Amino acid sequence: MSCHKLCFRRDVVEINNLRKPIINNQWDILLNFVNSNNLPCEFICNMCLKKFRSNIPVSTCILNDLFTPKTPEVISSLNEFERQLIQRAKAFQVVVRMGTVSGRKQPNNSMLTKAIGSVFHLPLPLEQTLKKLPSPNEVIMANDLFILVRSLPTKQKKIWETLVNVKKIYDALTWLKLNNLLYKDINLPDYNGLRNLITNMGNEGVVIEEIDDDEDFDNDSVEKSTHNKAMLSQRSPSDEYYQQFTIHCLNEPRKNAKDTELYQMLRIENDPINNFEDLQLDLKCFPHLFPYAKNGQYSERQIKLTSSEFVKCQLMSMNSSFRKDSQYLFFLLHESNLRALKAGIYHKLNTINMRTKLTASKCLELLNNNELEGNLTTIFAKLRNTSQYWLNPRSDIETMITWYGPVTFFLTLSPGEYNWQRLDFYLRELNSDVGNGKSTSNLISLDPVSTSRIVDNEFKAMLDFITSEDAPLGKVSHYAWRREYQTRGLQHFHILLWIEGAPIIGENTTDEVVKFISNTITCHKPNKHDFPTISERIEMYQTHKHNSYCMRSKKTGTQTVSSCRFGFPRTETDHFIMKDVATSIAGRRSLKSKSRLYDLPRSKNEIYINDYNPAILLAWNGNMDLQFIGEKSCALSNTIFSCGQTYVALSRVTSLNGLHLINFDPVNIKALTSAINEYNRLKKQYRPDLKLIDINLKKHNKIKDLPWVNPTKNVIKDVQQKQFINQLPNQLLLLPGFTNYDGVSCYANASLQMIFNCHYIINQLVQNEEHSALTKLAKSYLSQQNPLNSIPLRRSLGQHFNHVQQQDAAEFINALLCHSDSLKNCLKHELISILTCLNCYDVRTNKTPNYILPLAVTENKVTLNSSFNEFSKEIILEINCSNCRITGNHSKVMNVSSTRQYLCIQLQLWNELQEKMHNVSLISLSTTSLKVDEKMYRICSAICHHGESLHHGHYTSLIKKSNLWFRCNDLTSNKERWPRGGKDIYMLILEKQN
């Protein structure tokens, strides 16, 4: 409400839910402004709320001259070229359509676009252009006030043409003259009675033609323009001048349109506008965004607003006009670059010591003497994508490697925007006025700012998952990431990860390195029937297909062959292959196909599958690339030979004794051109008698290295004899829900959620039972299918569970045990009954296999340990002794032995009258460690019964993930605290602790 921005739900508060109302003058003024302009007032962002509570003016509030009223229809209805004719200034920029890199054959209108080039601003001769347009009072035909505008011919003999509605231009200028101070002095001809002569023919769409980078205008055929010349020059429609050119229409096909006039767009050659002097430049260039010439970037405001804050307010504004206008986006980018350059110049000229302050005259003197060239590049330190800009980030990475050790993983994430339904839904909802009928690609091109925000939000969530306690790659100690934009218009991310306890090549053994890589990276393609979700994503995102982007040419003797820069196809092998670092880097520099540091075990149908991690691939739903680095000297991330490295190497040689120089190649001795220039400058100034150093740009052939070590000694053949079998991680990303269509499946759903949360059990079900309904459901659970259906499993258990009637969860689990040997083996234990006759002291021991341990509870505060002790407590029975034949007292003790990985417990919540005990309080149940058979067990999942009877009510489950509890209620799963006093807990599964 305050800043009128689009925010994520987590960053805003609903005004009606505020516990404490806001009472101050600033808030009253805001409410009056919002109500008077009929603006939405449901939410307020957290930052604005905090400042309004403190009665502090908010710089980003719409009250700070940041509100832009809706553009009137007379201006918003203009097409792209009609807007140019009413602008006071123009931001010129080269726009080039880029192709796709995915190799998909898509129509041009479905491809994303990318704009490149420079921006400069020119004043437009508005009044001279109006004189060129036909006067509305001199209309030849009643319905014929559309003029045809053609561009300058290019060297490729291409011309675009479009229609311009003269009436709409005059109407827009008339409105601007009355409401915009920048237009108050323009002279418009009178056109009384024009409305009766015009038939509005609607708006035409604008399409940018695909042009080549070297496409330029044909200067020989262009009339030179002067300062007072208009943007348009009138031509005859029958001029033969156009017959030799190819004309492209930028509009939709015209129907029954007649052209009274033909005009040609001329090149404007006026002097560019000084961006720093003209503070109304954005108001002049974009009258359709600032129709009242107010609230621009450099307008005076009550609270000072930085340029970056203004840009954020515009791009995140609820008024979508700003973020959808590509020219305005590049205008803001150009302004940002100029500010960065200006800040760099200020930083260069500003010094602390006033006596040695670098003045402008001194700066020019140093430049003339070539004494400032080396330091002058620091002015680009804040300009993005310059070499100086990346010095600090590169230095930070090197410092992190120095202090934290070598990088463990290099992870790349690219969005799968075509399959992100949430992105498509968000863009359609946000752009509902123009989104109907458009593809996802078109929506992304239409609103790139919102798309970028969503992708960034998804990436941050992904980064939180990687660094969370779930640790899909291991516990992350440090990380660094960088965002890059692809030629298709969307960003991807490169991440460096440091993992605690990760092995280092050269320090740890090869077996340890191989084991670590095998546990986190795989190229295995699972069966699509067993794991349909991950199999589909591997086929969609991880399977490489060659295209012109990845193929590189290299010479092999006298022939030139093509090689994939990503190293596909990969080596087919049945065991893990680990190579030495130097050989791997040398192979990459020469584009050798077998130059990877390691080769994962892969079959023939996996040679085009890129390495991945199953957990990350399921969570990200996009392309990923995961590489193990772990190299001590950082040689994997840098080239072996760089400028000045030979000097550094020689400076380390203190003695020739024991020095071996092998495979010396002079080509690898490199020097910076700037260093040579500096040496030559010093020679000219102080030793002109010395010969200057020549800069040799000629390329020399590299000397081929001679083998000096038998390479077979570095090849490890026995790393892994067995074929690598990929297993999904134990920690699932999501908790799949179960449907409850018949309204009584909750007992089965809760039981399955409790069982499937036991990682060892579900792995045993998947590996050992191939055709059972329980195994199929377990595989679907692991492959993250959502939702799941338990009805087929119920039908397979017999008629008893096929009825549409609520059943006991314990009975359902018993039925599962009867049909699943794997489940039996995981929950099996023995109940030992020791019966002692107190008369003859005869001892009888009975061992019974058991799977669910019943524990009695009372209506008071108890613990799990006290209930288990009560179960094992000695009791006195009066029975007949088989040894002494006397009916008398016997001592009976129950013990539990031969327990496995899990222990299933059923709490007896119902008394003899089958009435549920509601006052049971199990103290510290979620954190209790239970000692059984000399083993410690802790709760990992539970079933809750809500209701009075076993065959009525509702069942839910509690699942423990990363020390957090989640309530699974059929389809939904939400984080929840453990119920106080273990309320409604009915069954438990405890896991053995190491």
Side-chain angles (χ1 to χ4, degrees), residues 469-470 728-738 745-766 774 777-778 781-782 784 788 790 793 808-814 816-817 820 822-829 851-855 864 867-868 899-907 909 922 924-930 932 935-946 954-979 982-994:
E469 295 182 358
D470 291 333
L728 288 172
N730 289 335
Q731 294 291 340
L732 291 178
L733 309 176
L734 304 172
L735 292 174
F738 287 78
S745 296
C746 59
Y747 69 95
N749 298 341
S751 302
L752 292 171
Q753 286 281 17
M754 180 182 73
I755 293 173
F756 288 166
N757 187 54
C758 303
H759 313 308
Y760 181 76
I761 293 179
I762 196 169
N763 285 332
Q764 291 298 312
L765 291 174
V766 171
L774 181 60
L777 202 58
Y781 186 89
L782 278 179
Q784 300 283 275
L788 301 174
S790 61
L793 175 61
D808 183 9
E811 293 179 2
F812 179 77
I813 295 177
N814 275 315
L816 291 177
L817 289 167
S820 174
S822 297
L823 187 59
K824 280 185 177 180
N825 294 332
C826 295
L827 299 179
K828 184 178 180 180
H829 56 269
Y851 306 98
I852 299 178
L853 182 64
L855 291 184
L864 189 62
S867 296
F868 182 76
T899 56
R900 306 288 178 90
Q901 182 70 19
Y902 295 95
L903 188 64
C904 185
I905 295 178
Q906 178 185 5
L907 301 179
L909 299 180
L922 297 168
S924 304
L925 184 59
S926 61
T927 57
T928 298
S929 295
L930 180 65
V932 182
K935 303 168 187 174
M936 301 302 296
Y937 289 84
R938 295 193 69 173
I939 300 174
C940 64
S941 53
I943 295 178
C944 299
H945 177 270
H946 313 276
H954 185 65
Y955 286 90
T956 61
S957 61
L958 286 169
I959 303 301
K960 188 176 184 180
K961 291 286 185 184
S962 303
N963 295 325
L964 298 175
W965 287 98
F966 292 85
R967 172 82 67 177
C968 298
N969 186 2
D970 292 333
L971 286 172
T972 63
S973 57
N974 300 303
K975 187 171 67 172
E976 186 176 306
R977 298 185 64 179
W978 180 265
K983 180 177 175 59
D984 295 326
I985 298 297
Y986 177 44
M987 298 191 71
L988 302 166
I989 289 186
L990 287 72
E991 186 176 15
K992 184 177 67 174
Q993 303 299 302
N994 295 327

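What you see is a predicted model; the values in this text were computed from it and never measured. Counting begins at 1 with the first residue of the sequence.
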Considering all heavy atoms, the nearest H829-L903 contact: ND1-CD1, 3.8 Å
Just by modelled atom types, is the C940 backbone N or O under 3.5 Å from a matching donor or acceptor in the N757 side chain? yes
Strictly by modelled atom types, are S751 and Y955 linked by a side-chain donor-acceptor pair under 3.5 Å? no
Considering the options H954, H946, H945, which one meets the side-chain hydrogen bond (donor to acceptor under 3.5 Å, both in side chains) requirement together with D984? H946
CG (L930) and CG (L855) are apart, to the nearest 0.5 Å, by 8.0 Å
Residues, nucleotides or ligands: over 12 heavy atoms within 6.0 Å of K828 NZ: no
Might you point out which heavy atoms bring S926 and R938 nearest each other, and give the distance in Å? O-NH2, 4.1 Å
Test side chain to side chain donor-acceptor pair (under 3.5 Å) on S790 and N749; report intermediate values, then the result. CA-CA 7 Å; S790 61; N749 298 341; 2.8 Å; yes
Check against side chain to side chain contact (heavy atoms under 4.5 Å, CB included), R967 and C944: CA-CA 10 Å; R967 172 82 67 177; C944 299; 3.2 Å; yes
Would I813 and I852 count as a side chain to side chain contact (heavy atoms under 4.5 Å, CB included) if you check the C-alpha gap in whole Å, the side-chain angles of each, and the deciding distance to 0.1 Å? CA-CA 9 Å; I813 295 177; I852 299 178; 4.0 Å; yes
I'd like to know if the side chain of Q753 and the backbone of P736 have a donor-acceptor N/O pair within less than 3.5 Å. yes
How many angstroms lie between atom CG of L765 and atom CD1 of I761, to the nearest 0.5 angstrom? 7.5 Å
Looking at S924, is its backbone amide N or carbonyl O close enough to the side chain of T928 to form a donor-acceptor pair, meaning the two atoms are under 3.5 Å apart? yes
Could you go step by step and tell me if L864 and L988 meet the side chain to side chain contact (heavy atoms under 4.5 Å, CB included) rule? CA-CA 11 Å; L864 189 62; L988 302 166; 4.3 Å; yes
Determine whether more than 12 heavy atoms belonging to other residues, nucleotides or ligands lie under 6.0 Å from atom NZ of K935. yes
Please answer whether the main-chain N or O of C904 pairs with a side-chain N or O of Q906 as donor and acceptor at a distance below 3.5 Å. no
Donor-acceptor contact present, side-chain S820 to main-chain L817, <3.5 Å: no
